[in-house]
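Have a look at the structure below, then the notes.
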Amino acid sequence: MKFNTFKPALTTPLAKSLTLHVAILLLLIFGANISFKRKTVELSVSTEQAVESNPAPVEAVAIDRKELEQRVAEIQKDRAAARKAEEERIAALERRAREAERSRAAEEQRLKRVAEEKRQADEAARKSKAAAAEAQKKQQAEAEKARQAEEARKAREAEQKKAEAAAKAAEEKRRQAEEAAAKAQAEQERKAREAREQAERERQIQEQLAREAEARRQARAQQAVTEVQRYTAMIRDTIQRNLLVDENMRGKTARINIRLATSGFVTDVRYVSGDRQVADAAIRAVNRAGTLPVSTDPDVYNQLKDITLTVAPEF
């Protein structure tokens with residue numbers, strides 16, 4: 001039994017599309033010119049499902065040559081445009097590379113020129129500095145020579161002046177020696193006379209000072225005695241005011257020693273002799289007072305700073 005599995009003819013649009021893509025593929029692969037022999041192309045298709053060995057005939061599909069050539073021309077134009085763009089891009093890169101190379105070479109030349117100018121400037125500066133140093137050295141040498149010459153001239157003048165001064169001084173010394181000898185004799189006589197007069201005056205002054213000092217000493221001693229007596233009475237009155245008496249103390253006495261600071265502060269008080277009860281009461285009275293009257297006069301204070309008193313309770 002025979003089965004026909006394909007239609008006897010393909011649709012025209014599908015055949016055109018398939019043939020066109022095959023042609024474009026061949027054109028892209030081989031890049032060659034295509035020659036057309038006939039206006040139509042025969043296409044045969046076989047199937048494995050055919051039962052009979054004879055293939056079924058397929059209609060040939062005709063492709064419009066003008067349309068194919070137009071499509072091929074468009075493809076070639078696109079490829080030419082792409083090649084041109086690529087060539088332009090490569091040319092631009094090469095141009096920029098050449099410009100960069102020129103810039104690098106120009107910069108290298110500029111750096112070399114700057115380095116050379118700097119070297120020349122440094123060399124010129126070094127030569128100028130060396131010339132200035134040499135000139136300064138010569139100037140210093142000339143100045144040193146001038147200074148030494150001036151010092152030598154001044155030294156000669158100084159020696160000359162020194163010699164003249166020495167001669168003048170010798171003459172003056174001789175004259176002064178003669179005058180001094182005469183004056184010395186007169187001065188010696190005058191000093192001897194004045195010494196005698198001065199000794200007499202000093203003796204009289206010393207005697208007067210001694211008399212005045214003795215008078216002042218006696219007056220001060222009398223005043224100190226009076227002040228000591230006055231402050232002793234004041235200290236005794238202070239002790240009496242702070243003394244707590246007892247009937248057993250009537251008619252009894254005791255001696256105590258008191259040491260005072262310059263402010264009158266009691267630094268120490270102790271028993272000396274006499275009734276012990278009276279002495280203890282007096283010591284307590286002194287401690288109760290704390291500070292006793294004392295004179296600011298150093299002479300009076302020296303006689304009161306270590307004093308021994310006799311205490312007799314008063315009823």
Side-chain angles (χ1 to χ4, degrees), residues 1-140:
M1 186 175 185
K2 295 181 181 180
F3 296 92
N4 188 2
T5 58
F6 288 89
K7 291 182 179 181
L10 297 174
T11 61
T12 302
L14 178 60
K16 287 184 177 181
S17 177
L18 180 60
T19 305
L20 180 61
H21 281 80
V22 172
I24 292 171
L25 180 61
L26 293 176
L27 180 62
L28 293 176
I29 293 175
F30 297 103
N33 293 327
I34 302 174
S35 60
F36 298 89
K37 294 180 180 180
R38 294 177 60 185
K39 185 176 180 180
T40 59
V41 177
E42 293 182 357
L43 177 64
S44 62
V45 179
S46 61
T47 180
E48 294 178 355
Q49 296 179 358
V51 177
E52 295 179 353
S53 60
N54 292 327
V58 179
E59 287 187 11
V61 179
I63 299 176
D64 189 353
R65 180 178 179 180
K66 184 177 181 180
E67 181 180 354
L68 181 59
E69 289 177 352
Q70 183 179 359
R71 182 62 178 165
V72 170
E74 290 176 357
I75 293 173
Q76 289 178 345
K77 183 178 179 181
D78 292 341
R79 292 182 63 188
R83 279 197 305 273
K84 183 177 180 181
E86 180 64 17
E87 289 173 356
E88 290 178 352
R89 186 183 69 82
I90 294 173
L93 291 175
E94 291 176 350
R95 184 172 58 255
R96 287 197 294 271
R98 287 193 298 274
E99 290 176 355
E101 178 63 21
R102 284 195 298 270
S103 298
R104 185 195 63 77
E107 180 64 16
E108 184 176 351
Q109 291 297 324
R110 188 188 69 80
L111 292 176
K112 288 181 179 180
R113 185 174 62 257
V114 169
E116 180 61 22
E117 291 175 355
K118 183 178 181 302
R119 185 192 65 78
Q120 293 176 359
D122 292 343
E123 181 65 19
R126 184 188 65 77
K127 290 180 179 180
S128 177
K129 185 176 180 181
E134 184 65 22
Q136 185 178 7
K137 185 176 180 182
K138 290 181 179 179
Q139 184 179 1
Q140 289 176 351

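Computed over heavy atoms, backbone and side chain alike; hydrogens, waters and symmetry mates excluded.
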Rounding to 0.5 Å, atoms CG (Leu111) and CD (Glu116) come to a distance of 13.0 Å
Practice prompt. Please step through salt bridge (Lys or Arg N to Asp or Glu O under 4.0 Å) for the pair Glu101 and Arg104, ending with a clear verdict.
Written response: CA-CA 5 Å; Glu101 178 63 21; Arg104 185 195 63 77; 2.4 Å; yes
Margin query: Looking at Glu69 and Lys66, is any side-chain nitrogen of the basic one under 4.0 Å from a carboxylate oxygen of the acidic one?
Written below: no
* Take atom CD of Glu99 as the centre, draw a 6.0 Å sphere, and report whether it contains more than 12 heavy atoms from other residues, nucleotides or ligands. => yes
The side chain to side chain donor-acceptor pair (under 3.5 Å) partners of Arg95 (sequence neighbours excluded) come to none
Worksheet entry | salt_bridge(Lys112, Glu108) N-O dist < 4.0 Å | yes
Legend entry - Lys/Arg-Asp/Glu bridge criterion (N-O < 4.0 Å) met for Asp122, Arg126: no
When rounded to the nearest 0.5 Å, the distance separating CD of Glu107 from CZ of Arg113 is 9.0 Å
Between the CD atom in Gln109 and the CZ atom in Arg102, the distance rounded to the nearest 0.5 Å is 14.5 Å
To the nearest 0.5 Å, atom CD of Glu87 lies from atom NZ of Lys84 at 9.5 Å
Interatomic distance, CD1@Ile75 vs NZ@Lys77, rounded to 0.5 Å, equals 13.5 Å
Here the gap from Gln136 atom CD to Glu134 atom CD, rounded to the nearest 0.5 Å, amounts to 10.5 Å
*How about Lys127 and Glu123: do any of their side-chain heavy atoms sit closer than 4.5 Å?*
yes
